[in-house]
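Quick note on labels: first sequence line is chain A, next is B, and so on, each numbered from 1.
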Amino acid sequence: MYKITKSEQLSKNEYDFWIEAPRIAKKAKPGQFVMLRINEMGERIPLTIADTDDSSGKIRLVFQVIGKTTAELGKLTIGDTILDLTGPLGMPTEIKNYGTVMIVGGGVGIAAVFPIIKGLKKAGNRVITILGAKTAELVILQEECRQYSDELIITTDDGTKGMKGLVTDAMEQVIANETINSSWAIGPSMMMKFCTMTAAKYELPLYVSLNPIMIDGTGMCGGCRVTIDGSIKFACVDGPEFKGTEVNWDEFISRMKQYKTEEETCLVDYQKVQVINRG
Amino acid sequence: MVRRSRTKTPIAEQDPAIRKSNFDEVCLGYTLEEGAAEAVRCLQCKEAPCIASCPVMIDIPGFILAIKKGNMQEAADILGKYTNLPAICGRVCPQEKQCEQVCKLGLAKNFEPVAIGKLERLVADWALENQDFSKCIQNNEAKIGRIAVIGSGPSGLTVAGDLAKMNYEVIIYEALHDSGGVLTYGIPEFRLPKRIVKKEIESIEALGVTIETNVVVGKTITMDEVMNEFDACYISVGAGAPNFMGIPGTALNGVYSSSEYLTRINLMHSYEFPKFDTPIKRSKNVVVIGGGNVAMDAARSAKRLGADHVSIVYRRSLEELPARIEEYHHSVEEDIDYHWLSNPVEYMNNGVGDLNGVKCVKMELGEPDESGRRRPVPIKNSEFIIEADTVIEAIGQGSNKVLLSTFPELKLTKWGYIEADPKTGTTSIPGVFAGGDIVTGAATVILAMGAGKIAAVEIDNYVREKNKTPVTTKV
């Protein structure tokens, strides 16, 4: 059992948890994730580790409510426990001194880029960060990211914060003014696809973090397979980070929709039960 | 002299018409009376060939004699000396190719062999019902040493049980949230009920074995830590990485590996969706590729999930089918169709990324290959299409690299499995032993258990030898 020691609601649908998991806290590196199961009936879902505190043995998970499991997770609070937490899984980000790096985070993906920003800054890079979201309220972990960034650009679709527009607009701006040695983009699939295209225009290497449907997260089931440079890879063990230009995006986006109907059934059923419980 | 029945005592099974829509166990097992009647058929051979053909050398005539005498406790005690997982073995061992194949009664003209597997199951189930495992064990003597076991499948459980009986402190690290390995995520409920697996694992825990779930060795803890903290370790992580044919359309929605399909069903209870949260496609037309036990399990599971048509595409013929014949018969009774001498060449896209058919080619058998089986060769212009909304590839597994990639010092075979001496389980690194599928490639539960038994003896020798040396050396 893994105890929640801190919980905060970041926006209408986004939550920020600290959870006791000493073994994972000790080992986790930027770019890695955990598999989580709330209870006996629950599914296993992957969540990126947003931060760790080795001294107190805790890990930080930031998530957005999308389906039933994340909805249920959002209902938990300090003192509650999670049945299973496995990790750290996946290959860590290659943290080294590249020179100047550009890191793009979109929506809840900002939580996934945060440890990478932190790691790259500590490794001596000049870090330029772009954070994008639909609206001001959804630009999460802004201050934390700023702390480890040499430059921070915020974009919102509706212009309620920072520049009005997409993260790719900000990317263009940065690339025009700076020599970037490497870059990362994590967020919704469509955003990562377009970030890849933008970076590719300038032959700038860009890494993305894929979040396909996973079951075990240890390379055993093959459910998270993605086509990378024409061959089958498992995101859970070969990734989750890949070179953006090598990802077969259309296939990836199509596979993300595999269980759309079932996921909706599950969430709707869950919400009905919540309504009944509230009387 | 008693007159022996020529045939095995019949055993009750769930009616195929009913069972194909539920996940309850197919074979219902012998009653004590039926078991006693079957036990009478055993010839009690002095140089029993059945013992020699059993990977864990169970005293088969011994426990059968005890059943005949009506002494189930004695039968259970005899079994318990050789195997920690008899209820599991009695259900999933390929008895027809081991003990029962060499049974002298079965070699006599017009006689069937003794139903050794079913008798083992009877005794084991009796023990699970009637024995209080919590009282079994736990002596308070000082432990001889600490052993880490990586993976809680049949091989790991066996080595752990045997070492605990020898008075070692044993910790099993399991990557998943549930223990049992392939017994839990791979073999469906209708062939091996999870409550049986759970109970038998509990009986091993009662020996003093600790199982820590959610620990991925190589990630959560490193091999360095394991080797520093324990006197020896046993790697039994199985062969869990699914193979894919790699034909066009593999990424379509509706294409599964058997590992994913069965893990969703067995480990995650997706057949009980939405009571359980993990979904699985409930398809009309399911095609399974492959001819092993896993293919049978996948096909029969698909039927139980409500598919109208389930067919198995196998590139050779019935004669070469690697699956247990009992499972093949069960599948036929449950209306699973077969496309013999066929191989898929492409998965068809309905235009929006979902599978809607499997294009296959007819095969003919040519000269024998390295495996000794005749090599299937495609027949030109023989393509045909099977309508399908789900396809499951059950074409075998490779070694999972999660642990191995973090432990480059360990010598592997050219196929990527751990190089270990089959007679001892020793690897290229002193103190590190290995066995089961991660050494042999995908095999059977009982072979994995056999490797565990051998390794337990060797680990005991190794630790005792090391303890004699005054200077402590790193494992």
Side-chain angles (χ1 to χ4, degrees), chain A residues 2 21 23-24 26-28 32 34-35 37-45 67-69 72 83-91 213 215-227 231-232 234 236-238 248 250-255 257-259 261-263 265-266 268-270, chain B residues 174-178 185-186 212-216 218-222 225 237-244 246 250-264 267-270 272-282 349 352-354 393 397-403 405:
Chain A
Y2 301 82
R23 273 177 173 160
I24 303 174
K26 195 172 160 196
K27 292 287 157 50
Q32 292 190 298
V34 290
M35 293 300 295
R37 188 175 74 139
I38 299 176
N39 54 40
E40 285 292 339
M41 311 281 191
E43 60 181 336
R44 294 167 65 98
I45 60 157
K68 180 187 168 183
T69 304
E72 216 172 353
L83 186 57
D84 300 296
L85 205 56
T86 315
L89 298 169
M91 304 298 287
I213 297 164
I215 297 108
D216 62 290
T218 61
M220 196 192 80
C221 79
C224 67
R225 65 188 184 276
V226 286
T227 304
S231 57
I232 297 176
F234 297 165
C236 68
V237 289
D238 301 318
N248 182 331
D250 295 342
E251 179 190 294
F252 176 72
I253 290 166
S254 169
R255 277 185 70 79
K257 295 179 195 145
Q258 280 180 84
Y259 291 101
T261 334
E262 290 84 355
E263 280 160 8
T265 312
C266 222
V268 169
D269 280 4
Y270 175 69
Chain B
E174 167 56 50
L176 293 173
H177 59 251
D178 229 342
Y185 72 76
E212 290 192 23
T213 53
N214 297 319
V215 178
V216 184
K219 296 279 185 188
T220 317
I221 56 174
T222 62
E225 287 169 313
V237 294
N243 293 336
F244 286 95
T250 302
L252 291 175
N253 294 328
V255 180
Y256 286 94
S257 71
S258 54
S259 312
E260 180 185 353
Y261 199 72
L262 293 173
T263 300
R264 280 181 185 272
L267 181 71
M268 303 312 298
H269 288 254
S270 61
E272 296 183 72
F273 179 87
K275 184 181 161 202
F276 283 75
D277 293 340
T278 305
I280 193 156
K281 286 283 169 207
R282 300 234 171 204
N349 190 337
V352 292
D354 301 327
E393 287 197 2
Q397 291 94 37
S399 67
N400 187 317
K401 299 289 187 298
V402 171
L403 167 62
S405 65

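- Interface remark: of the candidates B/Arg264, B/Lys275, B/Met268, B/Arg264 forms the most heavy-atom pairs closer than 4.5 Å to chain A.
- When atom types are taken as modelled, the side chain of B/Ser257 and the backbone of A/Cys221 share a donor-acceptor pair closer than 3.5 angstrom.
- No side-chain heavy atom of B/Glu260 sits under 4.5 Å from any side-chain heavy atom of B/Pro242.
- Between A/Arg23 and B/Glu225 no salt bridge is recorded (no basic side-chain N to carboxylate O distance below 4.0 Å).
- With a 4.5 angstrom heavy-atom cutoff, B/Leu252 touches chain A only via backbone atoms.
- Counting heavy-atom pairs closer than 4.5 Å to chain A, the top residue among B/Gly353, B/Pro279, B/Ser405 is B/Pro279.
- Under the 4.5 Å side-chain criterion, counting only non-hydrogen atoms from C-beta, B/Asp178 is not in contact with B/Tyr185.
- With chain A as partner, the option from B/Gly246, B/Ala251, B/Ala241 having the largest number of non-hydrogen pairs under 4.5 angstrom is B/Ala251.
- For a residue to count as touching a neighbouring chain, one of its non-hydrogen atoms must lie under 4.5 Å from one of that chain's; by this rule B/Val352 touches chain A with the backbone only.
- For B/Thr250, the parts sitting under 4.5 Å from any heavy atom of chain A are the backbone and the side chain alike.
- Chain B forms more heavy-atom pairs under 4.5 Å with one residue of A/Gln258, A/Lys68, A/Met41 than with any other, namely A/Met41.
- Within the 4.5 angstrom heavy-atom criterion, no atom of A/Ile45 approaches chain B.
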Determine whether B/Glu174 and B/Thr213 satisfy the following criterion, side chain to side chain donor-acceptor pair (under 3.5 Å), listing intermediate values before the conclusion. CA-CA 5 Å; B/Glu174 167 56 50; B/Thr213 53; over 6 Å; no
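- Proximity to chain B is limited to the side chain of A/Gln32, based on heavy atoms less than 4.5 angstrom apart.
- Residue A/Glu251 touches chain B through its side chain alone, counting heavy-atom pairs closer than 4.5 Å.
- Heavy atoms closer than 4.5 Å to chain A are found nowhere in B/Tyr261, neither backbone nor side chain.
- Annotation: side chain of A/Val226 is not in contact with side chain of A/Asn248 (no heavy-atom distance under 4.5 Å).
- In this structure, chain B has heavy atoms under 4.5 Å from both the backbone and the side chain of A/Arg255.
- Residue B/His269 does not touch chain A at all, counting heavy-atom pairs closer than 4.5 Å.
- Put simply, the residue from A/Thr69, A/Leu83, A/Leu85, A/Asp84 that forms a side-chain contact (heavy atoms from CB on, under 4.5 Å) with A/Ile38 is A/Thr69.
- Annotation: side chain of B/Ser270 is not in contact with side chain of A/Glu43 (no heavy-atom distance under 4.5 Å).
- Looking at B/Thr222, the atoms closer than 4.5 Å to chain A (heavy atoms on both sides) sit in the backbone and in the side chain alike.
- Neither the backbone nor the side chain of A/Phe252 comes within contact range of chain B; no heavy atom of the residue lies under 4.5 Å from a heavy atom of that chain.
- Looking only at heavy-atom pairs under 4.5 Å with chain B, the residue among A/Met35, A/Lys27, A/Lys257 that has the most is A/Lys27.
- Highest contact tally toward chain A, considering only B/Thr220, B/Ile221, B/Val402, is held by B/Thr220 [criterion: heavy-atom pairs under 4.5 Å].
- How far CZ of A/Arg37 is from CZ of A/Arg44: 7.5 Å, rounded to the nearest 0.5 Å.
- Only the side chain of A/Arg225 comes within contact range of chain B, judged by heavy atoms closer than 4.5 Å.
- Rounded to the nearest 0.5 Å, atoms OG (B/Ser259) and CD (B/Gln397) are 4.5 Å apart.
- Contacts with chain A were tallied for B/Thr263, B/Ile280, B/Asn253, B/Leu267; B/Asn253 has the most, counting heavy-atom pairs under 4.5 Å.
- Cation-pi check for B/Lys281 over A/Tyr259 is met; the charged atom lies under 6.0 angstrom from the ring centroid and within 45 degrees of its normal.
- For the set A/Lys26, A/Glu262, A/Glu40, A/Met220, the entry with the most heavy-atom pairs within less than 4.5 Å of chain B is A/Met220.
- The side-chain heavy atoms of B/Lys401 and A/Val237, taken from C-beta on, include no pair separated by under 4.5 Å.
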